[in-house]
K.L.:
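The structure follows.
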2 protein chains.
Amino acid sequence: MTEKQRKILDTALELFALEGYNSISTKKIAQGAGVSEGLIFKHFGSKEGLLDYLVEEGVELMNRELDTLMQISDASERLRATLRFPKTIIDRNPAYWKVQISIKFANHEIKEKYHNSSFMGKAMGILNDTFDELNFENPQMETQLLMQIIGSFFMALVNDEIENYDEMLSFLEKKYNLK
Amino acid sequence: MTEKQRKILDTALELFALEGYNSISTKKIAQGAGVSEGLIFKHFGSKEGLLDYLVEEGVELMNRELDTLMQISDASERLRATLRFPKTIIDRNPAYWKVQISIKFANHEIKEKYHNSSFMGKAMGILNDTFDELNFENPQMETQLLMQIIGSFFMALVNDEIENYDEMLSFLEKKYNLK
DNA sequence: TATTTTTGTAAGTGATTACTCACTTTTATT
DNA sequence: AATAAAAGTGAGTAATCACTTACAAAAATA
């Protein structure tokens with residue numbers, strides 16, 4: 001990866017996160033990265049190719065975070081970490097997740113393309129095992145519900161729409177018998 | 001309201017819901033409605049003016065739905081209806097809510113403009129009163145959590161990403177001691 | 001019926017879009 | 001050192017965008 005190639009990616013990620021994929025032109029990216037517009041297409045083929053690359057990086061990042069979550073041996077501790085998961089990873093790399101979420105509601109073709117979200121299955125697997133270990137009555141439904149809750153916190157945090165997240169966390173921990 | 005005026009609104013609503021506000025050009029709307037493109041600007045001033053009108057209609061629709069929810073006297077029954085709320089109103093008018101949700105993740109300026117979502121406060125008020133009446137330990141946090149859950153179901157339903165909604169509903173009803 | 005106002009159209013406008021192409025400079029290979 | 005390949009540029013391209021304007025038909029008002 002060239003220095004300018006990385007610069008293009010970093011600039012695009014930053015701008016996509018700030019204003020959304022559709023609102024950012026390749027011209028703006030080129031200006032921000034200090035390169036010619038043509039170079040973007042030399043390296044990434046198209047604007048969407050650029051997005052592909054960033055999404056791929058995001059998926060890898062997410063998979064790594066999920067692996068560390070999976071490695072927590074104590075089930076209660078793992079569930080606690082799962083509740084804190086959205087905040088943890090957003091604090092670490094906000095831009096990637098802003099882009100990932102904005103895609104879900106962007107252009108229709110683009111939405112279709114990235115729909116499968118490979119890591120969702122992995123996350124559900126972890127959660128299902130955890131509820132199983134903790135002898136919850138209906139692990140599958142517990143998993144589905146908590147996935148929805150975590151997803152909504154994810155979005156709320158990314159859009160800065162939540163203020164008392166810590167209070168909500170301890171409220172949830174009580175609900176899940178973790179304190 | 002002229003016949004063609006209504007036709008423009010209906011076409012725009014349908015197309016915005018299908019492919020998102022940003023992806024639909026005024027030309028496409030005019031073609032779909034069978035009118036000249038200029039007429040859109042005569043009646044609504046701008047493309048955004050057209051969106052304003054549709055959003056306003058959606059807000060009124062939502063307020064009416066919330067009013068009927070509020071009129072349920074029995075608190076348990078009201079909570080039950082609240083859980084079913086997303087499905088109820090999406091079945092009735094899917095297009096409006098697809099547009100409302102897509103806006104939240106569209107263009108940055110547009111997102112800012114419609115951010116306040118006047119009916120959210122109303123919905124929270126209803127829910128808070130309900131949890132109060134039912135003597136839940138922490139009505140405020142219960143409200144906040146259920147608002148998140150309902151919001152996520154709202155989005156999942158609009159995007160056809162949920163299959164066992166009924167099962168999820170009875171699971172939730174158990175959690176809230178409604179059966 | 002005459003006049004004004006509203007509704008509607010068709011053919012534009014400049015700006016912006018993603019992308020291409022001919023070309024030069026730099027780096028790697030033999 | 002000679003040659004090939006890759007990196008990079010800058011000035012284009014056609015298409016599309018939201019929107020305007022000059023004008024005609026229809027409806028409302030007088």
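Values below: every heavy atom of this structure, side chains too, minus hydrogens, waters and symmetry copies. Chain letters run A, B, ... following the sequence lines, proteins first and then strands; every chain starts at 1. Just so we're clear, the structure is a prediction, and the values are computed from it rather than from any experiment.
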K.L.:
Does the side chain of His43(A) get closer than 4.0 angstrom to OP1 or OP2 of dG8(D) through an N or O atom?
P.N.:
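Yes, such a contact exists.
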K.L.:
Indicate yes or no: does Lys98(B) engage Glu19(B) in a salt bridge with an N to O separation below 4.0 Å.
P.N.:
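Result for this pair is no, no salt bridge flagged.
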K.L.:
Measure from CD on Gln31(B) to P on dA18(D) and round the result to the nearest Å.
P.N.:
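Rounded to the whole Å, the gap is 12 Å.
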K.L.:
Can we say Glu57(B) and Arg6(B) salt-bridge, meaning some charged N sits less than 4.0 Å from an Asp/Glu carboxylate O?
P.N.:
yes
K.L.:
For a quick test of reading the model: is some side-chain N or O of Ser25(A) closer than 4.0 Å to OP1 or OP2 of dT16(C)?
P.N.:
no
K.L.:
Could you tell me whether Lys113(B) and Asp52(B) have a side-chain N and a carboxylate O separated by less than 4.0 Å?
P.N.:
yes
K.L.:
So if I apply the side chain to side chain contact (heavy atoms under 4.5 Å, CB included) rule between Leu127(A) and each of Thr143(A), Leu69(A), Asp132(A), Leu145(A), which one comes out positive?
P.N.:
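Of the listed options, the one satisfying the test is Thr143(A).
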K.L.:
Figure out the CG/P separation between Asn22(A) and dT17(C), and round it to whole Å.
P.N.:
12 Å
K.L.:
Report each atom pair, protein N/O against N/O of nucleotides 9-13 of chain D, whose distance is under 3.5 angstrom.
P.N.:
residue: dT9(D); atom: OP1; partner: Lys4(A); partner atom: NZ; Å: 3.1
residue: dT9(D); atom: OP2; partner: Ser36(A); partner atom: N; Å: 2.9
residue: dT9(D); atom: OP2; partner: Ser36(A); partner atom: OG; Å: 3.1

K.L.:
Assess the side chains of Gln144(B) and Asn164(A): does a donor N or O sit below 3.5 Å from an acceptor N or O?
P.N.:
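Yes, side-chain donor-acceptor contact under 3.5 Å.
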K.L.:
Under 4.0 Å between any heavy atoms, over every strand shown, what does Ile29(A) touch: base, sugar-phosphate, or nothing? Just pick one.
P.N.:
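Answer is nothing: Ile29(A) stays at 4.0 Å or more from every strand.
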K.L.:
May I have the distance from Ile40(B) (atom CD1) to dT20(D) (atom P), rounded to whole angstrom?
P.N.:
13 Å
K.L.:
Among residues two or more places apart or on two chains, list those pairs meeting side-chain hydrogen bond (donor to acceptor under 3.5 Å, both in side chains) that have a residue in residues 30-42 of chain B.
P.N.:
Thr26(B)-Glu37(B)
K.L.:
Contact class for Leu50(B) vs. all strands (heavy atom < 4.0 Å): base, sugar-phosphate, or nothing?
P.N.:
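Since no nucleic acid heavy atom lies under 4.0 Å of Leu50(B), the category is nothing.
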K.L.:
Salt bridge between Glu137(A) and Lys174(B), side-chain N to carboxylate O under 4.0 Å?
P.N.:
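Answer for the salt bridge query: no.
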K.L.:
How close or far is atom C1' of dC19(D) from atom CZ of Phe44(B), stated in whole angstroms?
P.N.:
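Interatomic distance, CZ of Phe44(B) to C1' of dC19(D): 16 Å.
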K.L.:
Starting at CD of Glu3(A) and ending at P of dT27(C), how long is that distance when rounded to a whole Å?
P.N.:
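In whole Å, dT27(C) P and Glu3(A) CD are 11 Å from each other.
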K.L.:
How close or far is atom C1' of dT17(C) from atom NZ of Lys28(A), stated in whole angstroms?
P.N.:
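Lys28(A) atom NZ is separated from dT17(C) atom C1' by 11 Å.
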K.L.:
Calculate the interatomic distance between Phe41(B) atom CZ and dA11(C) atom C1'; express it in whole Å.
P.N.:
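These atoms are roughly 15 Å apart.
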